[in-house]
Asks: 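Take a look at the following structure, please.
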Amino acid sequence: MVSMKQDIHPLLRVLNEQQRAAVTTPTGPVLVLAGPGSGKTRVLTHRIAWMLSEMHVSPWQVLAVTFTNKAAREMNHRLGTMLGDTSARAMMLGTFHATCARILRREGETLGLSPNYLIFDTDDQLTVMKQVVADLGLDDKKYRPHNLLNAISSAKNELILPADYPVRTYHDEIVARAYVRYQQTLRKNDGLDFDDLLMETARMLQTNPTVVRQYRDRFQHILVDEFQDTNIAQYVILKQLAAEHHSLYVVADEDQSIYSWRGADYRNIVRLREDFPELLEFLLEENYRSTQVILDGAQAIIAQNSDRTPKHLFTEKKGGQPISLNEAYDEQEEADFVADETTRLLRNGHKHGDIAVMYRTNAQSRALEESFIRHNIPYRLIGATRFYSRKEIKDVLGYVRLAHNPDDDVSFARVINVPPRGIGARTISAVAAAAQRAGGSLYAGMLALIQAGGQGGRTERALSAFAAMVAQWVVLRQELSVAGLIDRVVADTDYETFIRDGSDQGESRWENVLALRAVVAEAPDISLTDFLTDVALVADVDELSEEVDAVTLLTLHSAKGLEYPVVFLTGLEEGLLPHSRSIESAVEVAEERRLLYVGMTRAERRLYLTYAFRRSWRGFRDSEPSAPSRFLEDLPDAVLKQPRDRGRQATKTSWTPSWRAAPKRAEAPVRVELQYRTGQRVAHAFYGEGMVLGSELEGRQEMVTVLFGNGIGVKKLLSSMAPMEPLPQH
DNA sequence: ACTTAACGGGAATAA
DNA sequence: CCCGTTAAGT
């Protein structure tokens with residue numbers, strides 16, 4: 001039934017029928033299955049507004065969980081303009097991690113957590129785990145701290161406590177011991193890792209009737225975005241909170257589930273249906289983002305996955321520019337193609353900010369950056385080295401963390417001799433030994449050591465000076481703002497002189513310190529605890545501002561939830577997408593495919609897919625040949641700008657980059673006839689005519705070095721792969 | 001005690 | 001290539 005516009009509630013006017021149904025449904029468990037670009041953020045926002053204005057829900061009773069802090073901010077802003085700032089501010093709105101951090105700050109004491117706990121990031125976790133491996137006398141080659149952390153993270157995501165870690169093998173036994181020790185060490189340092197935030201919250205809600213009642217009363221209405229990427233701990237939190245009122249409103253797209261490696265389990269959708277049998281489901285199938293061509297391409301890719309609900313996405317943006325599929329010689333040429341094409345788009349009226357370049361791994365950004373610099377195109381890079389993981393930032397935060405809690409051994413060990421102040425390895429072991437004896441922190445150990453005396457003048461003076469400095473910071477943190485405290489620690493440690501060593505890198509590091517200082521200045525009243533919590537929970541995408549007009553470089557994972565008029569997806573090669581680490585598992589390959597789907601569906605108007613013919617792998621001096629991604633085979637020619645070169649399809653046999661290949665076995669020498677001789681003239685399908693500079697066997701392959709004309713220059717090609725043939729001699 | 005060079009091993013996505 | 005570790009030099 002078509003209703004007259006004026007009969008429709010103002011909140012609903014901008015919505016289509018499906019969206020309207022989802023927004024106005026009575027409270028209760030609701031699952032909105034939303035395709036990409038189908039306006040799920042809009043639905044969530046309008047649903048909240050609808051509940052507040054039409055269903056007598058108080059903002060205080062609403063908990064909304066988003067995937068990024070940025071999404072939370074945006075939703076908050078939209079609701080603010082729709083309803084007025086006050087009601088928007090009363091809601092609890094944030095990511096799972098941020099929300100749990102807040103709850104634990106208030107209630108954690110029931111679990112024995114200090115209200116001033118700090119969040120330990122990946123770096124800190126690794127520091128702690130290295131200590132654990134050393135303490136337990138484990139071989140760190142056999143039990144890599146990194147791997148142990150992964151195992152522990154998986155356990156935490158499934159709410160498995162150290163004491164309950166399942167042991168089936170000796171290896172499990174070691175992991176279990178490491179887990180116990182790791183958790184003890186974290187707590188001794190008053191730290192929680194990212195997974196703890198979720199696990200401890202879930203555990204508290206499961207075990208503490210008083211707390212759970214309090215939060216069920218408070219959060220009578222819960223809304224969740226990106227539900228397909230929740231893990232078990234997150235699901236338990238939701239289930240516990242919603243157990244009484246059953247007002248749980250989740251938005252999901254199983255085709256965009258790309259975080260299983262972080263414990264996300266899209267079967268939570270199945271659990272939801274089981275745990276809330278009265279669940280109502282809504283579909284959002286109209287896409288408002290992309291053109292039909294882009295949508296068709298993306299659909300063709302995702303349709304190949306089994307175990308999914310088929311969807312009928314459609315858009316009114318019929319037709320559109322065909323998808324451009326491009327092969328480049330290597331990663332440099334690929335990057336140059338992206339830059340050249342960007343320049344062309346800019347000439348045709350696009351802004352830099354319209355354009356995003358996406359890739360599977362952060363390492364791929366390098367070639368792109370270099371090319372953008374050469375072409376003088378402003379860009380910004382998301383991810384890579386997180387701002388808050390940079391050495392200089394971690395150092396300064398280390399001092400600040402010591403002021404917050406001098407018993408934080410991780411921070412203590414990090415900064416005790418930074419900048420170098422004559423406290424070397426010897427002295428540090430003495431401090432550690434004293435701490436051990438006293439059963440206290442390193443800081444306590446240091447104080448004990450100073451009191452006992454007898455270290456020798458130099459060392460004693462250095463230690464006392466450091467101790468006095470830290471003690472002073474602890475006092476000053478009460479009276480100074482965070483900005484003031486940072487100024488003070490930087491001044492006291494003479495950090496500027498240390499970091500500005502005259503090199504360009506030093507300058508850039510100092511600029512980062514100043515940038516940190518500027519960030520703090522924007523929140524003059526923030527408490528030290530809140531500041532340190534925020535810092536730990538910022539994601540790089542959170543910092544993405546629309547005001548900067550630059551091309552965005554980011555991983556496919558970071559791109560989730562974003563959209564751009566023009567998108568380049570680069571490195572679409574076997575080994576990269578799907579990634580070599582996923583290639584042997586069908587389940588993981590399916591997730592890689594979803595990753596491509598997520599990338600493609602970010603594009604509004606123009607989509608470029610690129611792959612390189614050969615690619616350099618880190619330390620290898622020569623690049624390795626690569627094959628186009630198997631996923632590209634599933635693109636119908638109809639959506640492509642030019643039909644594909646059928647000769648260069650991915651082979652179905654699994655391909656491994658050389659650095660993953662099995663060690664070369666001694667083989668009987670195989671005589672291979674060289675096809676090309678130095679001086680030979682050749683014709684190449686892309687590069688035209690050239691002259692062979694040399695030809696040699698590489699393994700069993702003939703590698704030909706050819707000089708091409710037209711400014712193309714020297715290329716190294718595999719005779720078996722290259723679309724190239726010898727020309728008759730004159 | 002600190003700095004520097006040489007070496008070896010590992011290599012994905014991220015709150 | 002980048003990291004951390006180690007050995008030798010300041």
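Within every chain, numbering begins at 1; the chains are lettered A, B, ... in the order of the sequence lines, protein sequences first and strands thereafter. The model shown is predicted, which means the values in this text are computed figures rather than measured ones.
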Asks: Looking only at side-chain atoms of Thr459(A), point me to the closest of dT13(B), dA1(B), dA11(B).
Replies: dA1(B)
Asks: Tell me every residue that passes ring-ring contact (aromatic ring centres under 6.0 Å, His included) with Trp510(A), counting only those two or more places apart in sequence or in another chain.
Replies: none
Asks: Ignoring the backbone of Asp195(A), work out which of dC2(B), dT13(B), dA15(B) is nearest its side chain.
Replies: dA15(B)
Asks: With a non-hydrogen cut-off below 4.0 angstrom, is Ser582(A) in contact with a base, only sugar-phosphate, or nothing?
Replies: base
Asks: If you check the Arg360(A) side chain, which of dT3(B), dA12(B), dA14(B) turns out closest?
Replies: dA12(B)
Asks: Just list the side-chain donor-acceptor pairs under 3.5 Å for residues 551-562 of chain A, sequence neighbours left out, or say none.
Replies:
| residue | atom | partner | partner atom | Å |
| --- | --- | --- | --- | --- |
| Thr552(A) | OG1 | Arg380(A) | NE | 3.4 |
| Thr552(A) | OG1 | Arg380(A) | NH2 | 3.3 |
| Thr555(A) | OG1 | Ser558(A) | N | 3.1 |
| Thr555(A) | OG1 | Ser558(A) | OG | 2.8 |
| His557(A) | NE2 | Ile258(A) | O | 3.1 |
| His557(A) | NE2 | Trp261(A) | NE1 | 3.3 |
| Lys560(A) | NZ | Glu226(A) | OE1 | 3.4 |
| Lys560(A) | NZ | Asp229(A) | OD2 | 2.1 |

Asks: Taking atom P of dA14(B) as reference, at what distance in whole Å does atom CG of Asp123(A) sit?
Replies: 15 Å
Asks: Please tabulate, one pair per line, each protein N/O and nucleotide N/O from nucleotides 2-5 of chain C that are separated by under 3.5 Å, including the distance.
Replies:
| residue | atom | partner | partner atom | Å |
| --- | --- | --- | --- | --- |
| dC2(C) | OP1 | Arg366(A) | NH2 | 2.5 |

Asks: Identify whether any heavy atom of Ile423(A) sits under 4.0 Å from a base atom; if not, whether one sits that close to sugar-phosphate; answer base, sugar-phosphate or nothing.
Replies: sugar-phosphate
Asks: Among all residues two or more places apart in sequence or in another chain, which pass the ring-ring contact (aromatic ring centres under 6.0 Å, His included) test with Tyr143(A)?
Replies: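 Once residues adjacent in sequence are excluded, the partners of Tyr143(A) under the ring-ring contact (aromatic ring centres under 6.0 Å, His included) criterion are His171(A).
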Asks: Among the nucleotides dA14(B), dA15(B), dA12(B), which one has an atom lying closest to any side-chain atom of Tyr259(A)?
Replies: dA14(B)
Asks: Of all residues at least two apart in sequence or in a different chain, which pass the salt bridge (Lys or Arg N to Asp or Glu O under 4.0 Å) check with Asp395(A)?
Replies: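 Result, salt bridge (Lys or Arg N to Asp or Glu O under 4.0 Å) vs Asp395(A): Arg414(A).
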Asks: What I want to check is whether an N or O donor and acceptor connect the side chain of Arg262(A) with the base of dA14(B) at under 3.5 Å.
Replies: no
Asks: Identify, with sequence neighbours excluded, every residue that meets side chain to side chain contact (heavy atoms under 4.5 Å, CB included) alongside Asn150(A).
Replies: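 Residues passing side chain to side chain contact (heavy atoms under 4.5 Å, CB included) with Asn150(A): His146(A).
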Asks: What nucleotide, of dG10(B), dA1(B), dT13(B), holds the atom closest to the side chain of Arg144(A)?
Replies: dG10(B)
Asks: Out of dA12(B), dA14(B), dA15(B), which has the shortest distance to the side chain of His579(A)?
Replies: dA12(B)
Asks: So Phe194(A) and His97(A), would you call those rings parallel, tilted or perpendicular, with 30° and 60° as cut-offs?
Replies: perpendicular
Asks: Any idea which of dA15(B), dT13(B), dA12(B) is nearest the Glu588(A) side chain?
Replies: dA12(B)
Asks: Whether Asn69(A) contacts dA15(B) is assessed here as follows: a side-chain N or O lying under 4.0 Å from the phosphate OP1 or OP2. Is that the case?
Replies: no
Asks: When you compare the side chains of Asp336(A) and Ser371(A), does any donor N or O come within less than 3.5 Å of an acceptor on the partner?
Replies: yes
Asks: Any idea which of dT13(B), dA1(B), dC2(B) is nearest the Arg426(A) side chain?
Replies: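 Nearest nucleotide to the side chain: dA1(B).
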Asks: dA1(B) phosphate, OP1 or OP2: any side-chain N/O from Thr427(A) under 4.0 angstrom?
Replies: yes
